[in-house]
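Here's the structure we're looking at; comments come further down.
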Amino acid sequence: QTDFHFPKAGTLTLGAGYTLQTVNTSRYSGEKRQQIFHAFLQHEWTPVEQLNIIAGMRYDHNNAFAPRVSPKLAMHYRLNDQLRFTASYGAGFKAPDFRQLYLSFVNNAADGYSIFGASEFSLTLLQAQLQQGIIAHILPAASTITALRPEVSSGVNAGMQWRNSSGFRLDVNLFRNDIRHLINYLPVATQANGSAVFSYVNINQAFTQGLELQIEQKLTTKLQVTAGYQLLETADKDVLKQVKSGTSFGRDISGGPARRMQLRDYSGLFNRSRHMANLRLFYNDEPS
């Protein structure tokens with residue numbers, strides 16, 4: 001990486017990198033290898049004292065997938081010493097990792113749950129294990145497991161930071177991310193002992209959006225408290241469309257009557273918490 005500083009035009013940053021990944025473990029079927037190359041450029045400038053702008057792009061090339069160029073644009077505006085605003089847009093690229101592609105793992109210490117990378121998953125093997133009594137049920141999601149594709153996303157953020165002289169700080173951030181081929185893990189079967197079998201799948205179109213709050217307060221010269229909260233909404237866009245159109249049906253109990261699903265019945269993407277909160281206390285015992 002190298003930087004070029006221009007007195008009246010800001011700073012230009014250029015960089016590139018190469019990564020060779022290899023792994024050989026009993027959890028994978030033989031040695032696995034990936035080669036990853038990336039290059040990026042970024043220009044940062046301050047047209048006026050209160051405003052800072054960053055624009056850039058990144059090129060990613062994974063030997064197993066097609067290359068991708070991802071742009072970004074960010075702005076930081078300082079209204080005064082207490083109030084600041086931020087906004088950004090960015091595109092993202094994420095190739096499947098070894099775990100999502102090649103993992104073959106059975107956790108015997110926790111009732112034997114199993115998880116398989118998409119390249120190691122076999123519906124034929126599950127069907128054979130069903131006949132042998134090892135598998136109790138094959139879930140509909142098992143038929144959706146195919147070769148994984150990289151995630152491609154775009155996101156926007158808008159935020160505000162306010163602080164005062166008493167040591168109080170408030171951060172508010174709104175965000176929205178639209179993702180194609182989101183990589184998600186999900187249960188694909190249930191074993192005879194009740195444990196689950198998991199694998200990885202691409203969700204064709206998904207989104208995440210929400211609100212983040214962060215509060216800090218300095219109580220004394222040595223004591224500080226912080227609290228945070230996130231409200232998160234997620235959805236598979238195709239599932240959401242089916243629910244809204246009234247073409248998605250489900251049962252409240254196994255074997256019960258089918259009914260049309262409502263929006264309140266859909267909780268979003270698997271393993272995403274709608275509400276998250278934290279509270280932390282910091283004590284710094286440095287000599288006065």
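Alongside Leu232, the hydrophobic cluster contains Phe175 (criterion: ILVMFWY side chains under 4.5 Å). Side-chain contacts under 4.5 Å among hydrophobic residues (ILVMFWY), followed directly or transitively, place Tyr89 together with Val156. The other residues sharing a hydrophobic cluster with Leu219 are Leu223, Val225, Leu279, Leu281, Tyr283, where clustering joins ILVMFWY side chains under 4.5 Å apart.
Among Leu126, Leu103, Val201, the one residue that satisfies the side-chain contact (heavy atoms from CB on, under 4.5 Å) test with Phe121 is Leu126.
Note on Ile135 and Leu125: separate hydrophobic clusters, where clusters join Ile, Leu, Val, Met, Phe, Trp and Tyr whose side-chain heavy atoms are under 4.5 Å apart, directly or indirectly.
Within the 4.5 Å cutoff, the side chain of Arg99 has no heavy atoms near those of the Phe105 side chain.
With sequence neighbours left out, Phe168 forms a ring pair (Phe, Tyr, Trp, His ring centres under 6.0 Å) with Trp162. In this view, Arg274 and Leu231, Glu233 satisfy the side-chain contact (heavy atoms from CB on, under 4.5 Å) rule, not counting sequence neighbours. Listed by chain and number, the residues in a ring pair (Phe, Tyr, Trp, His ring centres under 6.0 Å) with His43 are Trp45 (sequence neighbours excluded). Applying the ring pair (Phe, Tyr, Trp, His ring centres under 6.0 Å) test to Phe198 and every residue at least two apart in sequence or in another chain returns Tyr185.
Between the side chain of Arg280 and the main chain of Thr226, no donor-acceptor pair closer than 3.5 Å is present.
Sorted by first then second residue, the ring-ring contact (aromatic ring centres under 6.0 Å, His included) pairs that include residues 50-71, not counting sequence neighbours, number zero. Within the structure, side-chain hydrogen bond (donor to acceptor under 3.5 Å, both in side chains) contacts touching residues 135-159 (residues at least two apart or in different chains) are Asn157-Asn173. The side-chain hydrogen bond (donor to acceptor under 3.5 Å, both in side chains) pairs that include a residue from residues 117-132 are Ser29-Glu120, where partners are two or more places apart or lie in different chains. Here side-chain hydrogen bond (donor to acceptor under 3.5 Å, both in side chains) pairs that include residues 12-24, with residues two or more places apart or in two chains, are Asp3-Thr13, Tyr18-Gln35.
For the pair Lys32 and Phe98, the cation-pi criterion (under 6.0 Å, within 45° of the ring axis) is not fulfilled.
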Enumerate donor-acceptor pairs with a distance under 3.5 Å from any side-chain N or O in residues 240-247 to protein atoms, sequence neighbours excluded.
from   : atom 1 : to     : atom 2 : distance (Å)
Ser245 : OG     : Lys241 : O      : 3.0
Ser245 : OG     : Gln242 : O      : 3.0
Ser245 : OG     : Thr247 : OG1    : 3.0
Thr247 : OG1    : Gln242 : O      : 3.3

